[in-house]
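These notes concern the structure reproduced below.
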Amino acid sequence: QALFLDENNLTGNIPACFGMLQHMTQFHAFKNKLSGFIPHELSVLGDLEELGVEGNDLVGKVPDGLCGVVNEQTIDFWSDCGGDSPDVECACCSV
């Protein structure tokens with residue numbers, strides 16, 4: 001199951017309650033105006049395969065559970081985490 005919210009001029013934080021969407025495999029919210037941190041609640045999504053939040057105003061460190069392998073599969077993760085002073089810090093970005 002997927003949730004695609006790309007380019008909708010969404011503002012505010014990514015809702016922590018998205019972590020309750022237990023069977024979500026893809027969450028894309030590219031090119032919006034989302035701000036704040038990536039909620040750690042998303043790291044409990046055992047079926048999550050793709051998380052795309054590039055092109056927003058997110059900051060902080062990506063929750064450890066989102067980097068690496070969950071359910072023996074690697075998560076493809078896209079965020080604004082490249083360059084000399086990234087807004088988002090992570091070790092698993094697909095840049």
Side-chain angles (χ1 to χ4, degrees):
Q1 298 176 357
L3 181 58
F4 297 111
L5 302 173
D6 302 335
E7 299 183 57
N8 280 296
N9 287 322
L10 300 175
T11 59
N13 299 325
I14 297 172
C17 64
F18 283 2
M20 296 172 58
L21 301 172
Q22 298 174 14
H23 300 291
M24 182 164 53
T25 59
Q26 300 171 306
F27 173 61
H28 292 188
F30 294 107
K31 298 181 181 177
N32 282 291
K33 297 175 183 172
L34 297 171
S35 58
F37 299 91
I38 297 171
H40 72 274
E41 288 84 356
L42 296 183
S43 63
V44 302
L45 296 174
D47 293 337
L48 190 65
E49 298 171 2
E50 296 180 7
L51 175 62
V53 292
E54 188 174 24
N56 286 287
D57 296 319
L58 298 169
V59 296
K61 187 174 185 290
V62 174
D64 291 334
L66 288 176
C67 288
V69 178
V70 176
N71 272 354
E72 301 179 6
Q73 62 190 22
T74 302
I75 295 173
D76 288 328
F77 180 78
W78 298 274
S79 184
D80 299 312
C81 58
D84 293 332
S85 58
D87 294 327
V88 176
E89 299 175 32
C90 69
C92 60
C93 290
S94 306
V95 292

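Just so we're clear, the structure is a prediction, and the values are computed from it rather than from any experiment.
- The two residues H23 and D47 make their nearest non-hydrogen contact at ND1-OD2, 3.4 Å.
- Looking at N8, its side chain does come within 3.5 Å of a backbone N or O of D6 through a donor-acceptor pair.
- Under the 4.5 Å side-chain heavy-atom criterion for grouping Ile, Leu, Val, Met, Phe, Trp and Tyr, V53 is connected to L10 within one hydrophobic cluster.
- From F27, atom CZ reaches atom CG of L5 across 5.5 Å, with rounding to the nearest 0.5 Å.
- The line from NE2 of H28 to CG of L51 is 8.0 Å long, rounded to the nearest 0.5 Å.
- Rounded to the nearest 0.5 angstrom, L21 CG and E41 CD are separated by 12.0 Å.
- How far NZ of K61 is from CD1 of I38: 11.0 Å, rounded to the nearest 0.5 Å.
- Across all their heavy atoms, A16 and P39 have their closest contact at CA-CB, 4.0 Å.
- F37 places none of its side-chain heavy atoms less than 4.5 Å from the side chain of I14.
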_What verdict does the side chain to side chain contact (heavy atoms under 4.5 Å, CB included) test give for F30 and E7, after you've listed the backbone C-alpha separation in whole Å, the side-chain angles of each residue and the deciding distance to 0.1 Å?_
CA-CA 6 Å; F30 294 107; E7 299 183 57; 5.7 Å; no

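- Interatomic distance, CE of M24 versus CG of L42, reported as 6.0 Å (0.5 Å rounding).
- Without hydrogens or angle criteria, T25 side chain to Q1 main chain gives a donor-acceptor distance under 3.5 Å.
- To the nearest 0.5 Å, the span separating CG on N32 from OG1 on T11 amounts to 9.0 Å.
- L45 is connected to L3 through a chain of hydrophobic side-chain contacts under 4.5 Å among Ile, Leu, Val, Met, Phe, Trp and Tyr, so both are in one cluster.
- Counting only distance, with no hydrogens or angles, the side chain of D57 and the backbone of S35 share no donor-acceptor pair below 3.5 Å.
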